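Just so we're on the same page: letters track the sequence lines, and every chain starts at 1. Keep in mind that this is a model prediction, so the values were computed, not measured.
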Amino acid sequence: MWDLIESACLYVGLALAVTGALCDLLGALGLLRFPNFFVRLHAATVGIIGGAVYPLFGLTLMTIGCDFLGYWRWLFASGSFITAIIIAITAPAGSHALARGAHRSGVAVEPKLCDKLAEDRRGD
Amino acid sequence: MNLTKRVLGFAAVFLLLFAFFLVASASVSPADIAMGLIVAGIVAAFTSTMVIKEQPHKAFDVRRWFWALVYFLYFFLVVEPLCHFDVAKRILHPKMPINPGIVRVPYNLKGDYAVTMLACSITNTPGTVVVDLDGNGRKFYVHWIDVKTMEEDECRKAISGAFEKYARRMFE
């Protein structure tokens with residue numbers, strides 16, 4: 001039974017790691033293709049959550065499935081799990097600071113359908 | 001703040017830090033446990049009044065932790081894959097179908113932790129980024145990659161509806 005769980009963990013972890021590589025590639029493509037700073041932030045989010053948090057969760061599962069690591073696998077597993085959580089909690093703080101600073105310093109939001117923030121700020 | 005609240009706040013921060021230390025060190029040897037107790041005690045003594053300002057009993061409520069676990073699973077297994085798929089489609093599509101814009105998203109939460117969690121959740125889903133916050137008017141300004149509607153309540157339903165429910169159950 002434990003063998004089955006180990007190999008399931010290993011393969012799910014590998015799948016997550018491959019997903020992470022794909023998400024990083026897509027994020028890089030998005031950074032190249034998207035028209036302005038704010039839309040590029042969305043591509044960067046794909047790179048953060050899909051490209052860093054998911055592979056680290058995958059690494060957690062993968063190391064749990066790796067019998068030959070012996071004692072060290074719990075260290076690897078817990079380390080990557082905690083790193084994933086911390087990235088997921090702290091990365092948006094950076095995105096918020098970048099987005100707010102960019103908007104306040106007048107980076108163009110073109111192309112856009114609407115910009116309620118600029119409307120409200122003009123009204124103040 | 002009276003003494004009971006202080007002790008409860010200290011205990012909450014201490015237990016969280018100690019659990020964090022144990023998971024990070026991945027060992028239950030006596031030396032590690034002693035080190036964890038000392039470090040968690042020192043850090044909690046300095047920071048507990050800053051981290052928990054009021055109502056420390058919330059940290060010991062099992063239902064809140066249960067909803068946190070449910071939210072964690074829901075967020076990483078359902079919401080994130082769907083949003084990633086959506087944005088990946090827009091990146092790879094030859095015509096690049098985006099209609100970006102900044103919309104207002106009202107929220108109805110009081111605590112700092114709840115609002116922070118809501119903002120972080122919105123930013124962490126690809127396709128929406130919080131640009132600014134109006135604390136008195138209780139609304140976020142969210143840059144949305146595909147503006148379907150500019151009505152505030154419709155935006156709220158589409159962007160933050162699910163998160164807000166969980167934020168209220170966890171922190172309010």
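No part of B:T116 comes within reach of chain A, as not one of its non-hydrogen atoms sits under 4.5 angstrom from that chain. Looking at A:A88, the atoms closer than 4.5 Å to chain B (heavy atoms on both sides) sit in the backbone and in the side chain alike. For A:F76, no part lies under 4.5 angstrom from a heavy atom of chain B. Using a 4.5 Å cut-off between heavy atoms, A:L31 does not touch chain B at all. Both the backbone and the side chain of A:H96 come within less than 4.5 Å of a heavy atom in chain B. Contact annotation for A:I85: only side-chain heavy atoms (C-beta onward) come within less than 4.5 Å of a heavy atom of chain B. Contacts of A:V109 with chain B are made by side-chain atoms alone, with heavy-atom separations under 4.5 Å and no backbone atom involved.
The environment of B:M35 atom CE is sparse: at most 12 non-hydrogen atoms of other residues, nucleotides or ligands sit within 6.0 angstrom. B:D61 CG: more than 12 foreign heavy atoms inside a 6.0 Å radius. Surrounding CZ of B:F46 are at most 12 heavy atoms belonging to other residues, nucleotides or ligands under 6.0 Å away. The neighbour count for B:E152 CD, taken as heavy atoms of other residues, nucleotides or ligands under 6.0 Å away, is above 12. Few gaps surround CZ on B:F72; more than 12 heavy atoms of other groups in view lie less than 6.0 Å from it.
No donor-acceptor pair closer than 3.5 Å links the side chain of B:N99 to the backbone N or O of A:L113. Side chain of A:R33 to main chain of B:P94: a donor-acceptor pair is present (N/O by atom type, distance under 3.5 Å, no hydrogens or angles).
Put simply, the side chain of A:P35 reaches to within 4.5 Å of the side chain of B:I98, judged on heavy atoms. The shortest side-chain heavy-atom distance between B:E80 and A:Y54 falls under the 4.5 Å cut-off. Residues B:I91 and A:F34 form a side-chain contact, since some pair of their non-hydrogen atoms from C-beta on lies under 4.5 Å apart. Proximity of B:K139 to A:D120: side-chain heavy atoms (C-beta onward) are separated by under 4.5 Å at one or more points. Under the 4.5 Å side-chain criterion, counting only non-hydrogen atoms from C-beta, A:R104 is in contact with B:D132. A:T19 is not listed as a side-chain neighbour of B:H84, based on a closest heavy-atom distance of 4.5 Å or more.
No continuous path of ILVMFWY side-chain contacts below 4.5 Å connects A:L22 to A:V12, so the two sit in separate hydrophobic clusters.
By number of non-hydrogen pairs under 4.5 angstrom with chain A, the leading residue of B:V103, B:V130, B:N124 is B:N124.
By the 30° and 60° cut-offs, the orientation of the rings of A:F38 relative to B:H143 is parallel.
Partner B:V131 forms a side chain to side chain contact (heavy atoms under 4.5 Å, CB included) with one of A:L98, A:L117, A:D115, A:L41 and no other, that one being A:L117.
A distance of 12.5 Å separates CD1 in B:I122 from OG1 in A:T45, rounded to the nearest 0.5 Å.
When the side-chain hydrogen bond (donor to acceptor under 3.5 Å, both in side chains) test is applied to A:R73, the partners found at least two apart in sequence or on another chain are A:E6.
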